[in-house]
Q: 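Provided herewith is a single structure, encoded as structure tokens, for subsequent inquiry.
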Amino acid sequence: MVGHAFMGAAHSHAWRTAGRFFDLPYRVELAAVCGRSPERTAQAAAKYGWESYETDWRTLVGRSDIDVIDICTPGDSHAEIALAALAAGKHVLCEKPLANSVSEAADMTRAAELAEAAGIRSMVAFNYRRVPALALARQLVEAGRLGTIHQVRAQYLQDWLVDPEFPLAWRLRKDRAGSGALGDLGAHSVDAAQFLTGQRITSVGALLETFVTERPLPAEASGLSGTASAERGEVTVDDAALFTARFDGGAIGVFEATRFATGHKNAMRIEISGSAGTLAFDAESLNELAFYDRTQDQDTAGFRRIQVTESTHPYLDAWWPPGHLLGYEHTFTHQVRDFVAAVAAGEDPRPSFADGLQVQRVLAAVESSAAASGAHVPVHPVP
Ligand code: SOE
């Protein structure tokens, strides 16, 4: 695993846990973690249970005892690490968004498709697909329970940037993160919308805003936290992104991704309306899915709150009795389970790098539309 901050912690937990609750076809060994600082990486290895550590990802990629490279770094290094890992014959799991640009994501997708022929697998880590409630939502859509899908409403609301003194962390720098709320949060919504509906976004009309354009430089570059110094630097990404979208199956959608939704900590919400019903999900009630079934008797019809904790629900057979809730970390454990199962079965796990590239194209179209005063622009095919 390369990187050991927030996502590294979540992935470490997942790699350690997946084989203890699911019957995996392989035994997972946490071989090595990689980071730039020897002290901090050694600490991370000890804390999260990695057998060894490296301070250069190239050394990691060159190690013959390693089968999988898991990329948990900021977006500016995804492409380089993934391309080297695929070339070295390693399976790759890569954090989202897949890359910082469409051209990087396209290079990664081409490399992944070439590697597939040699049995090398790759996957992009859109972990919300592995929330049991959203996996169930997908099953219901596939079974036709929503009928023809007309509309998608997707919001991803956080508020950690409302304080103008919050330091200029890497997520606020275009050169490191690619974009702001758009790529960090909007990417999840775009992937979830396309996954749930089975439709692809073909055009968007958008508005981006940066409310606080200068922030104190972090005393140390440490991601979301980090203490501020007296010097200030420019914020080069969006704080909030709003856009509308058309889908290839005829649906339309409205999206909002923001780090300025005061009071909302991690409200990843999505609602899909079709001719036969509506499904609604909010990650702040992670174990629930609301379902309005239009075929119900009209006098008593209404939204039903399904508690997605039955052993028959996706992933739940490995966990607790009904009503004993799962959390955010389980989504990463499920992701490892599906990734390892696909590698063993010789199948391509989803979301693939090609799926990540499609999301990247939507993000790029949102930026072009915002630059063109919100005019609807097509989602361009791969260059
Ligand atoms: C930070 O804004 C963040 O950790 C995202 O990067 C994650 O993808 C999301 O799941 C939670 O918020």
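When reading the values below, keep in mind they use all heavy atoms of this one structure, side chains included, and skip hydrogens, waters and symmetry mates. All ligand and atom numbering here is 1-based and tracks the order in the structure.
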Q: Give the numbers and elements of all ligand 1 atoms closer than 4.0 Å to a heavy atom of Tyr128.
A: 10 (O)

Q: Would you confirm whether Thr109, through its side chain, and Ala105, through its main-chain N or O, come within 3.5 Å as a donor-acceptor pair?
A: yes

Q: Judged by non-hydrogen atoms, does Arg171 sit under 4.0 Å from ligand 1?
A: yes

Q: Pick one of side chain, backbone, both or neither for how Asn127 approaches ligand 1, counting any non-hydrogen atom pair under 4.0 Å.
A: neither

Q: Can you tell me if Thr236 uses its side chain to pair, donor with acceptor, with the backbone of Lys174 under 3.5 Å?
A: yes

Q: Under a 4.0 Å heavy-atom limit, does Met268 contact ligand 1 with its side chain, its backbone, both, or neither?
A: neither

Q: Taking the side chain as every heavy atom from C-beta outward, state whether Arg130 and Asn127 have any pair of such atoms under 4.5 Å apart.
A: no

Q: Measure up the His334 and Trp319 rings against each other and bin them: parallel (under 30°), tilted (30 to 60°), perpendicular (over 60°).
A: tilted

Q: Which ligand 1 atoms does Phe6 reach within 4.0 Å, using its non-hydrogen atoms?
A: 4 (O)

Q: Applying ring-ring contact (aromatic ring centres under 6.0 Å, His included), can you list everything that pairs with Tyr128, at least two apart in sequence or on another chain?
A: Tyr156, His188

Q: Check whether any heavy atom of Phe126 sits under 4.0 Å from an atom of ligand 1.
A: no

Q: Please state which part of Phe332 comes within less than 4.0 Å of ligand 1, counting heavy atoms only: side chain, backbone, both or neither.
A: neither

Q: Would you confirm whether Asp355, through its side chain, and Ser352, through its main-chain N or O, come within 3.5 Å as a donor-acceptor pair?
A: yes

Q: Between Asp184 and ligand 1, is there a nitrogen or oxygen pair with a distance under 3.5 Å?
A: yes

Q: Quick one: sort the Trp320 and Phe21 rings into parallel, tilted or perpendicular, breaks at 30° and 60°.
A: perpendicular

Q: What do you reckon, does Lys96 have a nitrogen or oxygen under 3.5 Å from a nitrogen or oxygen of ligand 1?
A: yes

Q: Which of the numbered atoms in ligand 1 are under 4.0 angstrom from any heavy atom belonging to His188?
A: 7 (C), 8 (O), 9 (C), 10 (O)

